[in-house]
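Treat the numbers as computed from the prediction; the structure is a model and nothing was measured. Residue numbering restarts at 1 for every chain, and letters A, B, ... go by the order of the sequence lines.
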Amino acid sequence: MSAKHSDHPRLLLTGATGSIGHYVLAELLQRGCDCVLLLRPSIEKSWQRLGKLLADLGFDVPALIDSGRLSGIEADLADLADSDWPAPIGPIDAVVHTAASTQFQPTAGGDPERTNVRGTQHLLRWMTTHNVNRMHLVSSAYVCGKIEVPVAETGLDAPVFHNAYEQSKWTSEQYCTDWASHHDRTLTIVRPSVVVGDTPTGRSTKFSGFYLCARATELLSRACADSPQSQRQSIKLRLRGYPNDRQNIVPVDYVAAMTAAIVSDETWHGRIYHLTHPDPPSNGQIKEAFEIFFDIGGGRFVRPDAFDESDLNDFERLFWDVSRPIEHYYIDTPDFQRDNTAEVEVATGIHCPAYNETSLLRLIRYAVDSGWGRRRPQRLAGNTSEYTAYFTDFLPAHIARSQVAQMSGLTVSIRFIIENNGDNHWVCCFDKGRLIGVHHGPNTVREDIAYRCGDDVFWEAVAGEVHPQEAFLDGRAEIVGDVELAMKMAMILHAFNREFPCDRRRLRTEAVKG
Amino acid sequence: MMCREAITCEQITISGHSGRLSASLSYGDDQPRAVGVLLNPHPHMGGHIDNPLIRTLATHLVDAPAATLRFDYSGIGASAGARVDVGESMMAFWDTGTAPEDQRFEADAQAVARWARRELAIPVVLIGYSFGAFLAHRITDEQIVGRIFICPTLTQHAFTSAVPLSCPTTVIFSDNDFATPMNTTRQWIAASQTTTRSLCIPGANHFMRGHEPAVADECLLSIRTWLNIGATS
């Protein structure tokens, strides 16, 4: 594409520590944008949180701050009057507004209206005062509310909403649209549907929406933990809905890539985009994935008009209570038009990947491994081994600073099988040179290539003392999968190991310290 | 430095494209009847002086009897020249299987072959493995008495020469080579006017791991055939 802001646009980004926001930030940084972040107090804790989030995606936040590509302003957008903004911020080319509350119903603190409406109003006032004339708003596809006709990528008259969240996002769009009606201002809106974990690993930092039904299924599975298999597979469970209705889930990396592509190119500005799935998975597909993962069965769909709330067994009540707030995501789901989005997809090559059993299971696996967001899945509870220290601390910390991170063509998943009192499996996922995921265990992520070697060879290799290619050629290591790809990757791994050799003894010491 | 009993290894330097190339000349007690110039695979694919197959050839061919001359390309190991393990080179190789330094590696190979012919005054056989086979093909010295291509990269590089090769050629390949499908190699052999011997090693792959002695045996046979040397007891 030709038209751009500039070679290095400077953007003000809200919501950078959010579940979508930090992925959008990563994509903008990857595209060469410099970003000023609005961070909630305390800014130190926000930087710490952001540092961990971006490290998971292969970015070194301290290095980005040192280089001037990343800076921050401490502020709570919802409480910010124009006079409270710290100055100077410096020139800003555009605002990317991802900050949002996803509370469905009003809270004691005033959300979602407080963040989504008042916060947006404050932001627009600041933009007016400081002549920042481009706004990129991350809204929601569900501003359409209850609708039976296809939803166009246009402004929408006030619909009937399912909840306060939808209403607040719609109201936010109206304020932005009014602001943009003035001369020389441009408003671009992206409306994602139900955002779930990323494509390669299923990683997410938020487990609402789609995940609520998965969580309900897990609870059912636990309730049946002591039941014989025959009973587990024939649970009496009526589910309100249709098996062929679709749940419009989209991976967060797709949403972020599209948002960043749209922000980065003026050609796409001034329009509305439905970042929705062109071929969403059906309720039946999703139900089957849940049943496979949690090893239960017997649930069946019941037409909504035949579902009697007063006549539910304990399992059905449990499931109904959890899934009811998001029922509109999987019953009579809207048909989202996406012509504008398709145009960007064709031009950029970004596409929304299809969901199948494997990818649905990946989402659930990540959610379960992370304790539904309570822990980082690669750090197993109580496991302070040197392997954990290498793969989850040393490698992510250094790879972002290495030559590997410059290799934008490097997209591959690698499994390391280390023979040490049984097999120790680690899978590292690279996307465009960035380490975006590290997983432990034999049945986690599907890899492109695998290396198998002994404990001694592994530590010699990561210390830079032996070339992985040599280890293979000498028979000290084995390759599984594409040998050519593996040998090329070995070349790159050795370069990293020479650039950042790992001292096993230091890892042991630090692992013990915890 | 002794490589193994009854084999002498001399460490020598040869002027290459970017400075002095580190090389090792190996020979046995018997007067060598030829010298095999060993051309390594690409440095990004394990191409260095201690590559297992290259090492095996250096020790086995003394039985021909032949000397062997192996070396590191410029920028590799102890050879002078800009290091090649930098991001740009690796990324180009990741994408295409070629690197910006390939032309200087070819110049290195030419220099080593020239040195062998000039300094050793015995017939020169070029033995190129993988990328090294392509370099062996590119050396158009009329005084080369034979060439051996091991797992030639026929789909990666253009094995056509402006000057037709006049010396006999042996091709050693496998039935599972990611670099060149077996049928492609067979077709090339059939069309080649100089290929007099060929050997397909079943169950091997591009790296010939575990099959190094079989490769060395065929090289030894080829050299003896070309130089009309009877087998020694």
Side-chain angles (χ1 to χ4, degrees), chain A residues 58 398-414 430-435 448-449 451-453 457 460-461 464-501, chain B residues 40-57 72-73 75-77 83-99 101 129-132 150-151 153 155-156 174-181 203-213 215:
Chain A
H398 291 94
I399 205 109
R401 295 186 284 139
S402 75
Q403 298 175 68
V404 177
Q406 310 303 320
M407 297 185 182
S408 58
L410 185 69
T411 298
V412 65
S413 293
I414 310 163
F430 289 87
D431 182 50
K432 299 172 199 157
R434 290 182 287 134
L435 180 66
D448 297 310
I449 52 177
Y451 301 104
R452 174 187 284 275
C453 65
V457 174
E460 285 173 24
E465 293 167 4
V466 68
H467 198 309
Q469 286 178 345
E470 284 180 29
F472 168 70
L473 293 174
D474 286 340
R476 299 177 68 203
E478 293 299 328
I479 286 172
V480 181
D482 187 328
V483 175
E484 182 185 14
L485 184 65
M487 288 292 275
K488 285 182 175 178
M489 191 66 216
M491 157 191 78
I492 293 170
L493 290 172
H494 185 60
F496 169 74
N497 294 335
R498 292 288 297 271
E499 196 180 359
F500 295 102
Chain B
N40 301 336
H42 198 286
H44 286 325
M45 277 293 204
H48 56 81
I49 202 170
D50 287 321
N51 175 278
L53 178 54
I54 297 293
R55 225 172 38 225
T56 303
L57 293 171
D72 271 324
Y73 298 116
I76 304 297
R83 297 290 103 182
V84 296
D85 57 341
V86 291
E88 185 184 338
S89 176
M90 287 192 293
M91 205 59 243
F93 193 80
W94 173 268
D95 282 338
T96 66
T98 61
E101 298 82 9
Y129 168 32
S130 184
F131 171 72
I150 305 169
C151 298
T153 51
T155 54
Q156 182 77 40
S174 77
D175 60 351
N176 182 26
D177 187 345
F178 64 76
T180 310
N205 58 23
H206 188 74
F207 301 106
M208 294 292 183
R209 214 173 54 157
H211 300 277
E212 296 90 345
V215 174

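Chain B forms more heavy-atom pairs under 4.5 Å with one residue of A/Val404, A/Val483, A/Asp482 than with any other, namely A/Val483. Most heavy-atom pairs under 4.5 Å with chain B: of the set A/Glu478, A/His467, A/His494, this distinction falls to A/Glu478.
Of the atoms belonging to B/His48, it is side-chain heavy atoms, and not backbone ones, that fall under 4.5 Å from chain A. The part of B/Asn51 that comes within reach of chain A is its side chain, from C-beta onward, which places non-hydrogen atoms under 4.5 angstrom from that chain.
One distance of note links CG of A/Leu473 with CG of B/Asp50; it measures 11.5 Å at 0.5 Å rounding. Taken to the nearest 0.5 Å, the CE atom of A/Met491 stands 7.5 Å off from the OG atom of B/Ser89.
Residues A/Met487 and B/His44 have side chains not in contact (no heavy-atom distance under 4.5 Å, counting atoms from C-beta outward). Taking the side chain as every heavy atom from C-beta outward, A/Met407 and B/Trp94 never approach each other to under 4.5 Å. Between B/Met90 and A/Gln406 there is no side-chain heavy-atom pair separated by less than 4.5 Å.
With A/Gln469 contributing its side chain and B/Gly47 its backbone, the two residues share no donor-acceptor pair below 3.5 Å.
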